[in-house]
K.L.:
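Handing you this structure, nothing more for now.
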Number of protein chains: 2
Amino acid sequence: MHQILSPDTFDAACPARALLTRLADKWVMLVLLALRTGPMRNGALLRRIDGLSQKMLTQTLRGLERDGLVLRTMFDVVPPHVEYQLTEGGEEIARLVDQIDRWIRDSIAGNPAAGPAA
Amino acid sequence: MHQILSPDTFDAACPARALLTRLADKWVMLVLLALRTGPMRNGALLRRIDGLSQKMLTQTLRGLERDGLVLRTMFDVVPPHVEYQLTEGGEEIARLVDQIDRWIRDSIAGNPAAGPAA
DNA sequence: CTGCATCCGGTTCGATACTG
DNA sequence: CAGTATCGAACCGGATGCAG
C-alpha cells in the first residue's frame, strides 16, 4: 500500500496502485468525462470522442465495468440498445478527472502561448 | 476544445485534451504523487517507485518539465546532484491525483473483496 | 446497433552498456 | 550520481470482417 506523507515505496503489487494504473489511460479519462453528462450509447460515445475506435471503446468500457465505475444496461430489443452510465464511484472519479480537465483548460486559457508553465 | 456539460465532441486536436492525455500515464501519476512529499533526487524516485526504470523516469520527468509541472534544479558539484520538485501547477494537479488515489484506497478498504463496486 | 476475433504495423519499454 | 544510446521483445491499438 502506498500512501502520501509516508516514506513507503509505491509497491507494484499494491491493489490501489493497480487500479490507479488502470485509470491512468487516456481513453478511460475521456470516457469518464463524456459519461458525466448522463447515460450514453456505444455509438454516441464513439461519435463524441474523436479518434476513439470501437475496439478501444469496448475494451475501455469493459475495464470500467470490472472496476465498478460504469454500469452497462442492455435493453432486449432489435436492433440492440445498450446504455452506459457512471456508477456512484464512477461519478466520484469522473468529478476529479473533470477538475483536472478544468484546471488544464483554465491554465491554457491563462497562458495561451505555452502549457501550464509561466 | 472539449468541455463538460456541452454537446461538444472531444476533439483530438484540442490542446487541453493533449495535455490531459499526457497526464493519463501511470508513471506520470506515480511521480506526481511521490513528489508531493517534497523535492527528490533521481535515485530517490527510482528507489521509491517500484518497477520504474531509469529510462522511463527520465522520460517522464522531461515531459512533466516541458508541461511546467515539475522543476529541475541542478547543483554543480561532483558527484552530480539534481533535484526535482513540483511547481505550483504541479502541486495542483498532484493534489487532485492524490484525491483520486485516496478515493481508491478508501474504496478498497471498504470493499476488501472487490474493487470499488458495491 | 452492438460487439467479437483476427491480423499486423508501430510504438513503447526494459535491459544493458557507456559517458560526464 | 545522473543521464544517454542502442536493441530486441512485448504490448498497444487500428483496420477489417463477421455475428447476434
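Only a predicted model underlies this, so the values are computations on that prediction, with no experimental measurement involved. Reminder, nothing fancy here: chain letters follow the sequence lines and each chain counts from 1. Both backbone and side-chain heavy atoms feed into the values below; hydrogens, waters and symmetry mates do not.
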K.L.:
Which residues pass the side chain to side chain donor-acceptor pair (under 3.5 Å) test with A/S53, sequence neighbours left out?
P.N.:
none

K.L.:
What is the distance, rounded to the nearest whole Å, between atom OH of B/Y84 and atom C1' of D/dA2?
P.N.:
7 Å

K.L.:
What is the separation between atom CD on B/E83 and atom C1' on D/dC1, rounded to the nearest whole Å?
P.N.:
13 Å

K.L.:
Under the side chain to side chain contact (heavy atoms under 4.5 Å, CB included) rule, collect the residues that match up with A/T21, sequence neighbours excluded.
P.N.:
A/R17, B/K26

K.L.:
For the residue pair B/V97 and B/L23, establish whether any side-chain heavy-atom pair is separated by less than 4.5 Å.
P.N.:
no

K.L.:
Rounded to the Å, how far apart are A/M74 CE and D/dG20 P?
P.N.:
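After rounding, the gap between these two atoms is 14 Å.
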
K.L.:
Starting at CD of A/Q59 and ending at P of D/dG13, how long is that distance when rounded to a whole Å?
P.N.:
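Answer to the nearest Å: 7 Å.
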
K.L.:
Could you tell me which residues satisfy side chain to side chain contact (heavy atoms under 4.5 Å, CB included) with A/D106, sequence neighbours excluded, listed by chain and number?
P.N.:
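Here no residue qualifies.
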
K.L.:
For B/R47 and B/Q54, find the nucleotide of DNA chain D closest to each by heavy atoms; which residue's nucleotide sits nearer the 5' end?
P.N.:
B/R47

K.L.:
Is the distance from OP1 or OP2 of D/dA2 to the nearest side-chain N or O of B/R41 less than 4.0 Å?
P.N.:
yes

K.L.:
Using side chain to side chain contact (heavy atoms under 4.5 Å, CB included) as the criterion, list what pairs up with B/R47, not counting sequence neighbours.
P.N.:
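Expected list: B/A44.
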
K.L.:
Using the side-chain contact (heavy atoms from CB on, under 4.5 Å) rule, pick out the option among A/I93, A/V70, A/L69, A/T60 that qualifies with A/V28.
P.N.:
A/T60

K.L.:
First locate atom CG of B/L30, then atom CG of B/L45, and finally report the distance between them rounded to the nearest 0.5 Å.
P.N.:
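Result: 11.0 Å between the selected atoms.
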
K.L.:
Could you walk me through whether A/R36 and A/L32 pass the side-chain contact (heavy atoms from CB on, under 4.5 Å) check?
P.N.:
CA-CA 6 Å; A/R36 279 203 95 212; A/L32 287 177; over 6 Å; no

K.L.:
Distances for protein N/O vs nucleotides 14-18 of chain D N/O pairs under 3.5 angstrom?
P.N.:
{"from": "D/dG14", "atom 1": "OP2", "to": "A/S53", "atom 2": "OG", "distance (Å)": "2.9"}
{"from": "D/dG14", "atom 1": "O6", "to": "A/K55", "atom 2": "NZ", "distance (Å)": "2.2"}

K.L.:
Rounded to the nearest angstrom, tell me the gap between atom CG in B/D76 and atom C1' in D/dG3.
P.N.:
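Rounded to the whole Å, the gap is 15 Å.
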
K.L.:
I'd like the 5' and 3' limits of the part of DNA chain C contacted by chain B, with heavy-atom contacts below 4.0 Å.
P.N.:
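Nucleotide range with atoms under 4.0 Å of chain B: C/dC13 to C/dG20.
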
